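Worksheet: the structure to be examined is printed underneath.
Please read these numbers as outputs of a predicted model, since none were measured by experiment.
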Amino acid sequence: MQTTGTRHTGAAIVLAVGALLTLLLAGFAQDSLFRVHMGVVTVALGIAAIVALRRISFSGGAAEDTSGYMDGPIRVGAIMTVFWGVVGFLVGVIVATQLAVPELNFGPYLTFGRLRPLHTSAVIFAFGGTALITTSMYVVQRTTRARLFGGSLAWFVFWGYQLFILMAATGYILGITESREYAEPEWYVDLWLTIVWVAYLLMFMGTLIKRKEPHIYVANWFYLSFIVTIAMLHVVNNLSIPVSFLGTKSYSLFSGVQDALTQWWYGHNAVGFFLTAGFLGMMYYFMPKQAERPVYSYRLSIIHFWALIFLYIWAGPHHLHYTALPDWAQTLGMVFSIMLWMPSWGGMINGLMTLSGAWDKMRTDPIIRMMVIAVAFYGMSTFEGPVMSIKAVNGLSHYTDWTIGHVHSGALGWVGMISFGAIYYMVPKLWGRSGLYSLRMVNWHFWLATLGIVIYAAVMWVAGITQGLMWREYDSQGFLVYSFAETVAALKPYYVLRIFGGLLYLTGGLIMAYNIWMTILGRRRSEKPIAGAVTAAAQPAE
């Protein structure tokens with residue numbers, strides 16, 4: 001049986017070899033950006049190697065207990081999910097402020113152009129991706145009654161993904177980018193993520209194969225579809241030819257309209273399978289557990305699954321209305337987007353109806369409230385998306401801030417809220433605590449986050465429609481009435497309000513970070529029960 005000392009020794013050797021390899025790559029680099037980027041990775045791997053060395057026990061150490069669930073990576077993942085959430089929300093507030101106050105763009109590294117992809121990737125891939133990997137490890141073990149497959153493979157997947165986040169984030173600030181939406185990292189970062197993702201698939205599939213529970217619970221279907229489909233999307237969309245194997249720059253294998261179609265086949269399905277299918281897996285496990293109720297309809301969940309994964313893959317062309325893409329392909333994307341409304345709302349109804357017989361918990365349990373508001377935002381976003389895919393509507397909404405409001409209502413309203421609920425559920429159980437440090441702080445977090453995203457989405461809807469109407473306003477002679485600069489000036493009040501909404505959401509994230517940290521430390525705040533917890537039972541009979 002492997003000892004913890006042996007495991008740390010192996011990790012230290014691998015990290016040291018990795019640091020030496022990236023140092024050599026930096027030394028032989030063909031351009032300065034590649035040299036700096038490899039230098040950053042060398043420092044990170046070197047620090048990690050030193051930490052691993054310091055944890056080696058030369059007295060032999062105790063053998064690792066492999067009789068139960070493997071929760072070590074999940075504990076670290078819960079902490080990192082909260083950390084990346086706060087980082088992503090903070091950078092979001094900064095870039096929102098830069099749009100309202102352009103003087104706050106400090107070149108070359110802290111401009112909107114470099115921080116904006118840092119924000120999107122921090123929220124989607126750092127916060128959302130870490131939440132997905134963490135919760136999938138938790139859920140697959142509990143629903144299969146089997147320990148994670150591959151031993152230390154789970155640690156490789158987790159820390160390998162964190163290394164990808166570091167490489168992507170530092171690359172954005174340095175200006176290393178492929179300029180592909182949601183896929184900005186350059187070729188060598190993409191290769192590393194591919195290795196990590198294959199290991200993730202092996203770990204997840206191996207756990208399912210060795211399961212002790214004959215039935216595969218529906219949450220695992222959604223997690224598996226997310227892992228498999230994202231692997232396919234990532235590989236195809238990032239097919240590129242590097243200028244040099246020791247340089248940053250590469251060129252896409254596709255060109256022109258084929259490149260655009262490949263990008264949005266990837267981009268929309270990153271939304272469909274990363275931000276939707278993966279988090280539906282989260283909903284199907286954590287919502288019934290927190291509500292202490294079974295899933296409303298298991299049959300509906302299977303119909304929801306198969307309909308969603310079949311339809312979503314065809315919807316990408318709706319991002320390319322009124323472009324050089326053939327009209328039939330645009331219409332195909334629009335039709336499948338409208339059809340997506342049905343399975344999406346099937347999932348929403350299944351989530352909400354799971355609370356049948358437990359709606360009283362809404363008064364006393366802010367975690368349930370978070371999950372319910374997440375499902376509500378999922379339903380709203382999956383209604384708004386198909387509407388925006390209709391060509392007549394898209395002619396007004398596309399390229400405007402309406403799209404920004406739509407994306408954030410989905411990302412922060414659905415993805416953020418369901419992730420918060422999952423973390424609040426997992427942390428006390430992972431550390432063996434009787435409950436969270438403070439339930440009232442969860443309530444504060446709920447209201448701050450909800451008000452923040454409602455303000456954000458609402459002002460972006462108004463800003464977007466204002467933009468679209470001003471852009472298409474013509475005078476009697478057929479000339480545009482407003483210059484582009486005039487449309488930008490008209491939006492400033494909305495941009496200031498967006499900052500306020502973002503600050504509320506960020507404040508909620510900071511409260512969560514404190515609450516989670518105190519829970520891990522084993523503290524418990526003395527506080528009165530949330531209104532309704534006692535009075536509900538004390539109501540006299542009529």
Side-chain angles (χ1 to χ4, degrees), residues 69 71 74-75 77-78 81-82 85 128 131-132 134-143 217-220 222-223 278-298 300-301 304 347-379 413-450 508-509 511-512 515-516 519-520 524-525 527 529-533 536:
Y69 296 139
D71 284 343
I74 303 172
R75 291 190 189 97
T81 298
V82 177
L132 285 169
T134 301
T135 57
S136 66
M137 289 180 181
Y138 184 92
V139 171
V140 76
Q141 290 187 97
R142 269 73 182 175
T143 54
Y217 184 62
V218 68
N220 293 320
F222 280 97
Y223 279 124
F279 289 92
L280 283 168
M282 209 181 285
M283 179 199 81
Y284 272 118
Y285 180 82
F286 291 102
M287 199 163 183
K289 293 294 283 186
Q290 185 66 26
E292 298 178 318
R293 302 287 298 175
V295 171
Y296 171 68
S297 170
Y298 203 82
L300 179 57
S301 71
H304 171 213
M348 175 193 70
I349 291 166
N350 214 6
L352 292 177
M353 293 300 289
T354 296
L355 288 176
S356 295
W359 282 105
D360 58 296
K361 291 179 181 289
M362 284 282 287
R363 291 180 298 183
T364 60
D365 188 350
I367 301 175
I368 282 287
R369 278 185 222 157
M370 260 178 181
M371 293 177 174
V372 168
I373 206 74
V375 175
F377 269 106
Y378 170 65
W414 157 238
V415 169
M417 290 296 207
I418 198 69
S419 299
F420 299 151
I423 294 295
Y424 281 130
Y425 175 86
M426 284 194 305
V427 166
K429 291 176 171 52
L430 289 169
W431 273 272
R433 310 302 182 215
S434 58
L436 288 165
Y437 168 69
S438 170
L439 209 57
R440 283 191 169 272
M441 282 189 176
V442 179
N443 199 40
W444 272 99
H445 183 193
F446 166 78
W447 284 112
L448 285 167
T450 302
I511 289 173
M512 179 189 191
N515 199 1
I516 292 297
T519 302
I520 292 170
R524 196 71 186 265
R525 187 167 179 250
E527 58 188 22
I530 292 175

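Of the possible donor and acceptor atoms, none in the side chain of Tyr284 sits under 3.5 Å from a partner among the backbone N and O of Tyr217. Between the side chain of Ser301 and the backbone N or O of Tyr298 there is at least one donor-acceptor pair closer than 3.5 Å. Side-chain atoms of Glu527 come within 3.5 Å of backbone atoms of Arg440 as a donor-acceptor pair (strictly under, hydrogens ignored).
Rounding to the nearest 0.5 angstrom, the gap separating the CG atom in Leu352 from the CE atom in Met348 is 6.0 Å. In this structure, the separation between OG1 on Thr135 and CE on Met282 is 3.5 Å, given to the nearest 0.5 Å. Note that the CZ atom of Phe222 and the CG atom of Leu280 stand 5.0 Å from one another [nearest 0.5 Å]. Between the CD1 atom of Ile368 and the CE atom of Met287 there is a distance of 6.0 Å, given to the nearest 0.5 Å. Rounding to the nearest 0.5 Å places CD1 of Ile349 at 10.5 Å from NE2 of His304. Annotation: the span from Arg142 atom CZ to Lys289 atom NZ amounts to 9.5 Å, rounded to 0.5 Å.
The shortest distance between side-chain heavy atoms of Met512 and Ile423 falls below 4.5 Å. Side-chain contact check for Tyr285 versus Tyr223: every heavy-atom pair is 4.5 Å or farther apart. Two residues are said to be in side-chain contact when any heavy atoms from C-beta on lie closer than 4.5 Å; Arg293 and Leu355 fail this criterion. By the 4.5 Å heavy-atom criterion applied to side chains, Met283 and Trp414 are counted as neighbours.
Applying the salt bridge (Lys or Arg N to Asp or Glu O under 4.0 Å) test to Asp365 and every residue at least two apart in sequence or in another chain returns nothing. Checked against ring pair (Phe, Tyr, Trp, His ring centres under 6.0 Å), Tyr424 has the following partners two or more places apart in sequence or in another chain: His445.
Heavy atoms only, all atoms of each residue included: Val295 and Thr354 are closest at CA-OG1, 3.8 Å. Considering every non-hydrogen atom in both Ala358 and Ala291, the closest pair reads CB-O, 4.1 Å. In this structure, Pro288 and Pro294 approach most closely via the heavy-atom pair CB-C, 4.5 Å. Here the closest non-hydrogen pair linking Ile418 and Val415 is CG2-O, 3.5 Å. Residue Phe279 comes nearest to Ser419 through the heavy atom pair CE2-OG, 3.1 Å, listed as atom of the first residue, atom of the second, then distance. Taking every heavy atom of both residues into account, Ala78 and Thr134 meet most closely at N-CG2, 3.7 Å.
Partner of Arg369 under the side chain to side chain contact (heavy atoms under 4.5 Å, CB included) criterion, chosen from Asn443, Val442, Thr364: Asn443.
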Requested in this report: Go through the steps to decide whether Ile367 and Phe286 satisfy the test side chain to side chain contact (heavy atoms under 4.5 Å, CB included), and finish with yes or no.
Outcome: CA-CA 10 Å; Ile367 301 175; Phe286 291 102; over 6 Å; no
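By the neighbour-count criterion of 12 heavy atoms within 6.0 Å, atom CH2 of Trp359 is densely surrounded, having more than that number from other residues, nucleotides or ligands.
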Distance-only donor-acceptor hits, side chain of residues 428-437, under 3.5 Å, sequence neighbours excluded:
from, atom 1, to, atom 2, distance (Å)
Arg433, NE, Thr519, O, 3.1
Arg433, NE, Ile520, O, 3.4
Arg433, NH1, Trp431, O, 3.4
Arg433, NH2, Ile520, O, 2.5
Ser434, OG, Arg524, NH1, 2.8

